[in-house]
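Right, one structure below, let's go through it.
Just so you know, these numbers come straight off a predicted model, no measurement behind them. One-based numbering along the sequence shown.
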Amino acid sequence: LAFQTIEIGGPPPGGPQGGVLRGPDLLGYVGIEAVLDQMRRKTMKAGFEFNIMVVGQSGLGKSTLVNTLFKSKVSRKSCSPNYEEKISKTVQLQSVSHVIEEKGVRMKLTVIDTPGFGDQINNDRCWEPVLKHVNEQYEKYLKEELRVNRQRKIPDTRVHCCIYFLPASGHWLRPIDVEFMKRLGKIVSIVPVIAKADTLTLEERTEFKQRIRQDLVANGIQVYPQKENDEDAEERLLNNTIRESIPFAVVGTDREHQVNGHRVLGRKTKWGIVEVENVAHCEFANLRDLLIRSHLEDLKQVTHDVHYETYRVQRLTAGAVHQGGPNGSDLESHL
């Protein structure tokens, strides 16, 4: 008794009996495309999680940019009416979560802020609390995966993306930028941005971006999207365009202004209004499209299939993780 596998619309299977059957070749409508509707309904019902970390020294507009990205008050400042910016003596991570719903799609957004990063005179090893937090979320997920009786849907607190804010100095990367991105780029997807880019002229901005790209290559810093994760020629073409734009020169604001009869998000200056979503003024729209409209799911997939998988393999290979107790809940960590 022989069985033949037929793939519809996919690559031809091996062997002389393999083949590809498409619409015109079928005897009638099968309904395979309905799978997409099924997946959509399940996703809309369950919702999904997205965890984003913002890193940079105080005064670079991290909270404002996140609010601008999601067009809502999701930053830590907006959660406390009497919030006052203070320089922390050490880097203290703060997380705040919101559920955002748009056209029936629910997303639990968690923003992890890093107040105190780069604000001290001596910033030696200030990246360690950030690395520790990222690894702790991988450990937490691994711990739940190894349970005998685990949850049907494991809560995902892993950091899916880190936006790293560079001051618009017009020079090269600072030592703290190099050391941080070198270390964190190995365990999480980093997207570098030039904060408050409207303080640079277009010529200065272009030169600064070129210098940063040279620094990234010279120091072996991995930023998202990485070439080795491109799945096909079409994705490679899109990602090459993104890689040529990194770091994104951005401007953030939550204020609207009237421009030619339309309300637009922008920053008002003596010379006019910097329109945040106008690609001729800044690259905020490109950053938004990358994080939300085109690569959000890919960021989650890279986190799970690449960064978390690397962590999981290292932990299990080293024999540092073992199950204990009836639920396998006791795990040892030797990181």
Side-chain angles (χ1 to χ4, degrees), residues 39-56 60-81 83 85 92-115 117 129-130 133-138 140-141 144 151 153-165 184 187-193 195 224-225 242 248 250-256 265 276-277 283-305 307-308:
M39 294 170 64
R40 178 178 173 83
R41 283 196 300 270
K42 288 182 72 70
T43 301
M44 290 180 67
K45 185 183 296 185
F48 61 97
E49 298 152 317
F50 188 57
N51 309 315
I52 188 168
M53 174 183 282
V54 289
V55 179
L60 293 183
K62 300 189 297 295
S63 301
T64 302
L65 183 70
V66 172
N67 285 343
T68 311
L69 276 172
F70 295 97
K71 295 186 182 293
S72 54
K73 300 292 185 179
V74 295
S75 78
R76 60 192 173 90
K77 290 183 180 180
S78 63
C79 302
S80 308
Y83 178 85
E85 184 74 51
Q92 300 174 349
L93 277 70
Q94 299 179 355
S95 299
V96 61
S97 297
H98 298 269
V99 174
I100 300 176
E101 186 168 346
E102 184 180 48
K103 295 184 178 180
V105 180
R106 292 167 59 86
M107 178 179 75
K108 181 184 178 183
L109 172 69
T110 299
V111 179
I112 304 106
D113 200 355
T114 55
F117 182 87
V130 180
H133 176 82
V134 172
N135 281 324
E136 282 177 348
Q137 307 319 306
Y138 290 149
K140 187 176 178 180
Y141 196 91
E144 188 60 41
Q151 300 181 55
K153 185 177 185 300
I154 301 176
D156 191 0
T157 60
R158 296 170 297 182
V159 178
H160 300 126
C161 178
C162 172
I163 304 180
Y164 189 80
F165 286 71
L184 205 73
I187 63 173
V188 74
S189 297
I190 293 182
V191 178
V193 300
Y224 182 84
I242 295 169
F248 296 105
V250 299
V251 177
T253 183
D254 53 5
R255 295 186 179 181
E256 289 187 333
L265 285 170
V276 169
E277 296 180 291
E283 296 173 324
F284 168 83
N286 297 337
L287 174 66
R288 178 204 58 206
D289 290 349
L290 171 70
L291 295 179
I292 303 172
R293 300 185 181 181
S294 65
H295 283 66
L296 188 149
E297 188 59 34
D298 187 66
L299 281 163
K300 297 186 64 175
Q301 184 177 342
V302 169
T303 299
H304 183 79
D305 295 343
H307 298 303
Y308 170 70

task = Go through the steps for H307 and Y138 under the test side chain to side chain contact (heavy atoms under 4.5 Å, CB included), then give the verdict.
result = CA-CA 9 Å; H307 298 303; Y138 290 149; 3.2 Å; yes

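- Judged as a salt bridge (Lys or Arg N to Asp or Glu O under 4.0 Å), and not counting sequence neighbours, R255 has no contacts.
- Under the 4.5 Å side-chain criterion, counting only non-hydrogen atoms from C-beta, K62 is not in contact with F117.
- Taking CD of Q137 as the reference point, atom CD1 of I112 lies at 7.5 Å (rounded to 0.5 Å).
- Remark: T68 pairs with T64, L265, V276, F284 by the side-chain contact (heavy atoms from CB on, under 4.5 Å) rule, at least two apart or across chains.
- Residue V302 forms a side-chain contact (heavy atoms from CB on, under 4.5 Å) with just one option from L299, D298, D305, and that option is D298.
- In this structure, T114 contributes its side chain and V54 its backbone to a donor-acceptor pair below 3.5 Å.
- Applying the ring-ring contact (aromatic ring centres under 6.0 Å, His included) test to Y141 and every residue at least two apart in sequence or in another chain returns Y308.
- Across R158, K300, K153, a single residue satisfies salt bridge (Lys or Arg N to Asp or Glu O under 4.0 Å) together with E49, and that is K153.
- Paired with L69 under the rule side-chain contact (heavy atoms from CB on, under 4.5 Å), one option of L109, V111, I163 passes, and it is I163.
- Sorted by first and then second residue, the salt bridge (charged side-chain N to carboxylate O under 4.0 Å, His left out) pairs with a member in residues 92-111 read E101-R106; sequence neighbours excluded.
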request  = Go through T110 and T157 one step at a time and tell me if the side chain to side chain contact (heavy atoms under 4.5 Å, CB included) criterion holds.
outcome  = CA-CA 8 Å; T110 299; T157 60; over 6 Å; no

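- Residue T303 holds its OG1 atom at 8.0 Å from CZ of F50, rounded to the nearest 0.5 Å.
- When side chains are defined from C-beta on, M53 counts as touching L93, because their heavy atoms get closer than 4.5 Å.
- Taking NE2 from H160 and CD from Q301, the interatomic distance works out to 11.5 Å, rounded to the nearest 0.5 Å.
- A donor-acceptor distance shorter than 3.5 angstrom exists from the side chain of N51 to the backbone of D156, with no hydrogens or angles considered.
- The shortest side-chain heavy-atom distance between I242 and H295 falls under the 4.5 Å cut-off.
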Taking distance alone, no hydrogens or angles, what donor-acceptor pairs closer than 3.5 Å link side-chain atoms of residues 287-294 to residues at least two apart or in another chain?
| unit_1 | atom_1 | unit_2 | atom_2 | d |
| --- | --- | --- | --- | --- |
| R288 | NH1 | E277 | OE2 | 2.8 |
| S294 | OG | D289 | O | 2.9 |

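- Taking every heavy atom of both residues into account, L184 and C162 meet most closely at CD2-SG, 3.7 Å.
- Between Y224 and V188, the closest side-chain pair of non-hydrogen atoms is not below 4.5 Å.
- With contacts defined as side-chain heavy-atom distances shorter than 4.5 Å, the pair V159/H133 qualifies.
- Remark: S72 OG to I100 CD1 distance equals 4.5 Å, nearest 0.5 Å.
- Taking CD1 of I52 as the start and OG of S189 as the end, the distance is 11.0 Å to the nearest 0.5 Å.
- For Y164, the ring-ring contact (aromatic ring centres under 6.0 Å, His included) partners at least two apart in sequence or on another chain are F180.
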